[in-house]
Amino acid sequence: MSDITDSSTVPGQPGELRHLHAFLGDFWARHGLPPGDAMRMELGLEEVFINVVTHGLVSVGMADAPVTVGLSLRDGSLECAVEDPGPAF
């Protein structure tokens with residue numbers, strides 16, 4: 001089975017979370033992933049994104065910095081990566 005990857009980049013602001021929810025929902029639907037797992041992934045993504053925005057970007061004056069969420073589906077496993085230019089912690 002080949003790898004399936006997709007990504008979405010949004011400004012690091014809490015209001016942009018709705019775009020990431022839509023991105024995740026679209027990915028989920030396109031690849032026929034189990035509906036029961038969608039809520040857990042959505043909650044995890046929300047927690048990570050808000051943490052990045054609140055503690056990694058806003059606190060250092062980078063509120064408009066881009067945050068990229070990447071999804072990879074490989075051999076039945078889903079990986080979610082979140083990248084931002086904020087300081088490491």
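Throughout, numbering of the chain's residues begins at 1 and tracks the sequence. Any value given below was found using the heavy atoms of this structure, including those in side chains, with hydrogens, waters and symmetry copies removed.
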- prompt: Any side-chain heavy atom of Q13 sitting closer than 4.5 Å to one from D64?
  reply: yes
- request: Determine the minimum heavy-atom distance between G56 and P87, stating which atoms define it.
  value: O-CD, 3.2 Å
Minimum heavy-atom distance between V53 and P14, given as atom pair plus value: CG1-CD, 3.6 Å
- request: Applying side-chain hydrogen bond (donor to acceptor under 3.5 Å, both in side chains), name anything that partners E42, two or more places apart in sequence or on another chain.
  value: H21
- request: Rounded to the nearest 0.5 Å, what's the gap from OG1 on T54 to CZ on F49? Could you check?
  value: 9.0 Å
message: Which residues pass the side-chain hydrogen bond (donor to acceptor under 3.5 Å, both in side chains) test with T9, not counting sequence neighbours?
response: T68
side-chain contact (heavy atoms from CB on, under 4.5 Å) evaluation trace for M41 with L24: CA-CA 8 Å; M41 180 60 84; L24 183 61; 3.8 Å; yes
message: Ignoring hydrogens, what is the shortest heavy-atom contact between P85 and A65? Give both atom names and the distance.
response: CG-CB, 3.6 Å
- prompt: Measuring from L71:CG to F27:CZ, what's the distance to the nearest 0.5 Å?
  reply: 5.0 Å
task: Drop me the distance from D6's CG to R30's CZ, to the nearest 0.5 angstrom.
output: 5.0 Å
message: For the CG atom of N51 and the CD atom of E47, what is their distance to the nearest 0.5 Å?
response: 8.0 Å
- line: Output for pair (I4 CD1, S72 OG), nearest 0.5 Å, gives 10.0 Å
task: For this output row, return yes or no: ring centroids of H19 and F23 closer than 6.0 angstrom.
output: no
statement: Value for CG (L78) from NE2 (H31), rounded to nearest 0.5 Å, stands at 9.5 Å
